[in-house]
Amino acid sequence: MKIYNTLSRKIEEFKPMDQSEVKMYSCGPTVYGYAHIGNLRAYLFMDTLRRTLKYNGYTLKHVMNITDVGHLTSDADEGEDKMLKAAKKEKKDPFEIAEFYMDVFLKDIDKLNIDQPEIIARATKHIDIMEKYVQKIIENGYTYETENTIYFDTSKLDKYGVLSNRNVEEQKAGARVEFDSEKKNISDFALWIKAPENHLMKWDTFWGKCYPGWHLECSAMSYQYLGEQFDIHTGGIDHIPIHHENEIAQAQGFCGKIPAKFWMHVDFLTIDGGKMSKSLNNLYTLQDLADRGYEPLVYRMFNFTSNYRNKINFTWDTMDSSKVALSRLREGFLKHKNGTEMVESEILQDFENRFLEAINDDLNMPVAMSVVWEVVKYPKKSKQLMDLLVKFDQVLGFDLEYYEPKEEELPEEILELVRQRDEARQNKNWAESDRLRDMLMEKGYIVKDTKEGTEVKKGKI
Ligand code: AMP
Ligand code: ZN
């Protein structure tokens, strides 16, 4: 497998540190509101990576965090805590908010057929691990204290910013506000914060009643489950300049190592070429798509029209084409399922090779899908091709094998004729019953008399 590594800025051959198991960490959601479809793109990418690794025969130990504390409205140390802000707005306890939106999130990913990582780690359940982790960073001399905050001192590192490769001058230019005067360096960040009296999420710790900085949870929990170094770390491209740089800084302060060998980042979903935002009223959830008649797997199909490293632009037109594509895929699958022809083994092998080549080329799903379409449209209809699609579906995740076409709903006009015919038969009005049967047949329905009454289905005798 070849994957793009943000750390080296190159496509590299993937080799796990331990041949038998790939250790992977993904930055998960902050559970303070409904996930929008942009967020969900990040987890679809994560899922395609999981599935591709498995398709290549690897077993996985994959951790995803759930942020339920400490994430401020900006990734740097600015703004309010997202959880507390939502709690205030909804007049609920922040723990209740976290519980509710975590549940919605897990249901959403399930609807998209995103497999859950082996370990889902909630920040609030790992405060003790974070406390130990931060104490070691302090012991190692990478921090300084102000009245209310323990900061990471980024000037103690050989280099801060290995992932985004930005220097301090560029960071200063990029900073939106004059940086907090308490900090010694612009890139320093909060590790451990004293909770004000009225702060709702706080714990008794070595430094009094505190709560952790957002970046800490990912370092502490990845260390807890995967050790000092593991294979792959994933997230959105917005994580590169701050969150992941800070994770790397923390790990270097903790044990002197960059925690992951490979860093993979998914680019953003845009809407009509621009940003999604509440104020533009174009921030959609999976439920919004369902309300407009798009099942979740249509959104999955839509995501395969672009490589994860490119932006993808959401439009309703593209959703319509993805809807058609999903039903063509299912229809094509069923045709092969009912097929009786044989296909030469070289042809099957060629399809299989090209599919594998595409997914192993840094998860090139648009090319992988083009192979899928060749299989679907292959003129010979064959169970061998159905088996091949079932195999490919291990990566695609459409549950083709379990797809049952829904009984087509009968139009109201036909239902009315059926009702009239049943009434005629109850009244022993056989001439009327026959007339109605002929009308139904003319409209393309097969009519059958049963004890329960008239039964019709589409088709000709
Ligand atoms: P959050 O819950 O705000 O921490 O975000 C969860 C994930 O969604 C992060 O990995 C972000 O990088 C990602 N994300 C946020 N907005 C978008 C977007 N428009 N397109 C793709 N990913 C996004
Ligand atoms: Zn993270």
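Residues take their numbers from the sequence shown, with the count starting at 1. We count ligands from 1, going down the list as the structure has it; atoms in each ligand are counted the same way. The model shown is predicted, which means the values in this text are computed figures rather than measured ones.
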- [ ] Could you confirm whether H243 has any N/O/S atom lying under 2.8 Å from the Zn ion (ligand 2)?
- [x] yes

Open item on the list: Need the ligand 1 atom indices (1-based, order shown) with element for anything under 4.0 Å from a heavy-atom of H36.
Closed with: 16 (N), 17 (C)

Task: Sub-4.0 Å atoms of ligand 1 with respect to non-hydrogen atoms of H239 - done: 9 (C), 10 (O)

- [ ] Check the surroundings of atom NZ in K92: do more than 12 heavy atoms from other residues, nucleotides or ligands lie under 6.0 Å from it?
- [x] yes

- [ ] Looking only at distances, please establish whether an N/O atom of ligand 1 is found under 3.5 Å from an N/O atom of Y43.
- [x] no

Open item on the list: Below 3.5 Å, N or O to N or O, backbone or side chain included: is there any such pair between M276 and ligand 1?
Closed with: no

Task: Test item: side-chain donor near acceptor, S382 and Q384, under 3.5 Å - done: yes

Task: Heteroatom proximity flag, G38 to ligand 1, N/O under 3.5 Å - done: yes

TODO: Calculate, to the nearest 0.5 Å, the distance between atoms CD1 and CG belonging to I3 and L49 respectively.
DONE: 6.5 Å

TODO: Taking atom types as modelled, find out whether Y4 and E12 have a side-chain donor-acceptor pair closer than 3.5 angstrom.
DONE: no

- [ ] Before giving the answer on salt bridge (charged side-chain N to carboxylate O under 4.0 Å, His left out), spell out for K23 and E21 the whole-Å C-alpha distance, their side-chain angles and the decisive distance to 0.1 Å.
- [x] CA-CA 6 Å; K23 294 187 176 63; E21 187 179 62; 3.5 Å; yes

- [ ] Output yes if C27 passes the N/O/S-under-2.8 Å test against the Zn ion (ligand 2); output no otherwise.
- [x] yes

Task: Spatial distance of atom CG (L44) from atom CE (M365) [nearest 0.5 Å] - done: 10.5 Å

Open item on the list: For the 3.5 Å polar cut-off, considering only N or O atoms, please tell me whether N39 and ligand 1 meet it.
Closed with: yes

Task: Greater than 12 external heavy atoms within 6.0 Å of K335's NZ - done: no

Task: N, O or S atom of C218 closer to the Zn ion (ligand 2) than 2.8 Å - done: yes

Task: Shortest non-hydrogen contact between P16 and D231, atoms and distance - done: CA-OD1, 3.3 Å

Open item on the list: Checking the N or O distance criterion of under 3.5 Å, is ligand 1 in contact with D238?
Closed with: yes

TODO: Can you sort out which atoms of ligand 1 are near P29, meaning under 4.0 Å from one of its heavy atoms?
DONE: 2 (O)

